[in-house]
Amino acid sequence: SFKLEKGLSMFISGCDASGKSTILNEIYKIYKDKIDIKTFTIAKPYPNFIINFAIKKKYSKVRSNKKNYQNQKYNFLLMIRDLNLSILRYIVSIRINKYKKNNYLIICDRYVSNYYNQINGPRISNKNIIYIIFRSIELFFYSRIKSLEIEIRLRTKLDIAILRNIQRKKGEIKNKEEIVERYHLFEKSIFKSEKIYEYQNNKNLPESINDLIILFNKIILSKTNDYY
């Protein structure tokens, strides 16, 4: 067991079906009895019962009927939802900083972007005065979210992401078109991090997890000399 001299904040980024959540869970299991660690999900910071409810309502089937998720009809209720999402993400970021100040290792499943029309970034357009007002509030909360120190960026080939999506055990299996569309969106997305480590994530998942544990060990041990 060991203790960090000061808190360390990290997140794993990657295209859909790249294995981010699985990798995060496995790393947490390894470190939880050895170090003060806390994990967060900032992409969908909703209570589990809401996420489970969406899955039970065949959420993936509803999504598959949309040809392009960026072109769905945008209305006032969606604008309220997106503003609420920015506030929830800001609240999660406050909790992250709280644990970091207490010398925790923080690992997040994904993180936010400051840029409109990027993954986990602002969503509200500026097509009229009402939208502009809501957009300015949304941007305020995104601007208040601090960058994390390290991003582990998983580089996954598109065909492998498509195959993993078919094999995934989660309740939500996305259609191929959305995987492809969000793959290219991820490639151009810039997340709030100070330093990026890239990992070629094209091996089978157990091998990738082993490689990433080695990388995590190097990063973490460089931050501490205090063993007990």
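Heavy atoms only: backbone and side chains are in, while hydrogens, waters and symmetry mates are out.
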Novice: Report the residues that fulfil salt bridge (Lys or Arg N to Asp or Glu O under 4.0 Å) with R153, sequence neighbours left out, ordered by chain and then residue number.
Specialist: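 With neighbours one apart ignored, the set is E151.
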Novice: Once ring pair (Phe, Tyr, Trp, His ring centres under 6.0 Å) is applied, do any residues pair with Y142, and if so which ones, sequence neighbours excluded?
Specialist: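 Partners of Y142 by the ring pair (Phe, Tyr, Trp, His ring centres under 6.0 Å) criterion come out as none, since no residue qualifies.
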Novice: Which residues, ordered by chain and number, are linked to I190 in its hydrophobic cluster, where ILVMFWY side chains connect at heavy-atom gaps below 4.5 Å, directly or through other members?
Specialist: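 Cluster partners of I190: Y115.
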Novice: What pairs meet the salt bridge (Lys or Arg N to Asp or Glu O under 4.0 Å) rule with one or both residues in residues 94-108, with sequence neighbours excluded?
Specialist: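 As it turns out, the salt bridge (Lys or Arg N to Asp or Glu O under 4.0 Å) pairs with a partner in residues 94-108, which skip direct neighbours, are K100-E149.
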Novice: Please list, chain by chain and in numerical order, all residues satisfying salt bridge (Lys or Arg N to Asp or Glu O under 4.0 Å) with E198, sequence neighbours excluded.
Specialist: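 E198 satisfies salt bridge (Lys or Arg N to Asp or Glu O under 4.0 Å) with R155 only.
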Novice: Looking at residues at least two apart in the chain, or sitting in another chain, which of them share a side chain to side chain contact (heavy atoms under 4.5 Å, CB included) with N202?
Specialist: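 By the side chain to side chain contact (heavy atoms under 4.5 Å, CB included) rule, N202 matches T156, K157, I160, Q200.
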Novice: Are L148 and F40 packed together at the side-chain level, in the sense that at least one heavy-atom pair is separated by less than 4.5 angstrom?
Specialist: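 Not touching, per the 4.5 Å side-chain cut-off.
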Novice: Mind checking what makes side chain to side chain donor-acceptor pair (under 3.5 Å) contact with N103, not counting sequence neighbours?
Specialist: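 Counting only residues at least two positions away or on another chain, N103 forms no side chain to side chain donor-acceptor pair (under 3.5 Å).
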Novice: With sequence neighbours excluded, tell me which residues meet side chain to side chain contact (heavy atoms under 4.5 Å, CB included) with N128.
Specialist: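 N128 satisfies side chain to side chain contact (heavy atoms under 4.5 Å, CB included) with I130, Y131 only.
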Novice: List in chain and number order the residues that pass side chain to side chain contact (heavy atoms under 4.5 Å, CB included) with S208, two or more places apart in sequence or in another chain; answer none if no residue qualifies.
Specialist: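 Residues passing side chain to side chain contact (heavy atoms under 4.5 Å, CB included) with S208: R164, Y199, N201, K203.
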Novice: Is the closest side-chain heavy-atom distance between L4 and I220 below 4.5 Å?
Specialist: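 They are in contact (side-chain heavy atoms under 4.5 Å apart), so the answer is yes.
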Novice: For residues F216 and I27, report the shortest heavy-atom separation together with the two atoms involved.
Specialist: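 Heavy-atom minimum between the residues: CE1-CD1, 3.5 Å.
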Novice: For E207, which residues count as a salt bridge (Lys or Arg N to Asp or Glu O under 4.0 Å) partner, sequence neighbours excluded?
Specialist: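 Listed in chain order: nothing, the list is empty.
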Novice: Distance-only, no hydrogens or angles: does the N175 side chain make a donor-acceptor pair with backbone N or O of E177 under 3.5 Å?
Specialist: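 Such a contact is found between N175 side chain and E177 backbone.
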Novice: Applying ring pair (Phe, Tyr, Trp, His ring centres under 6.0 Å), name anything that partners F134, two or more places apart in sequence or on another chain.
Specialist: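 Expected list: F76.
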Novice: Not counting sequence neighbours, which residues clear side chain to side chain contact (heavy atoms under 4.5 Å, CB included) with I94? List them please.
Specialist: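 In terms of side chain to side chain contact (heavy atoms under 4.5 Å, CB included), with neighbours along the sequence ignored, I94 is linked to Y90.
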Novice: Which pair of non-hydrogen atoms, one from Q118 and one from S113, has the smallest distance, and what is that distance?
Specialist: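 For Q118 versus S113, the nearest heavy atoms are OE1-OG, 3.1 Å.
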Novice: Ignoring hydrogens, what is the shortest heavy-atom contact between K192 and F11? Give both atom names and the distance.
Specialist: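 Scanning both residues completely, I find the closest heavy atoms to be O-CE2, 3.7 Å.
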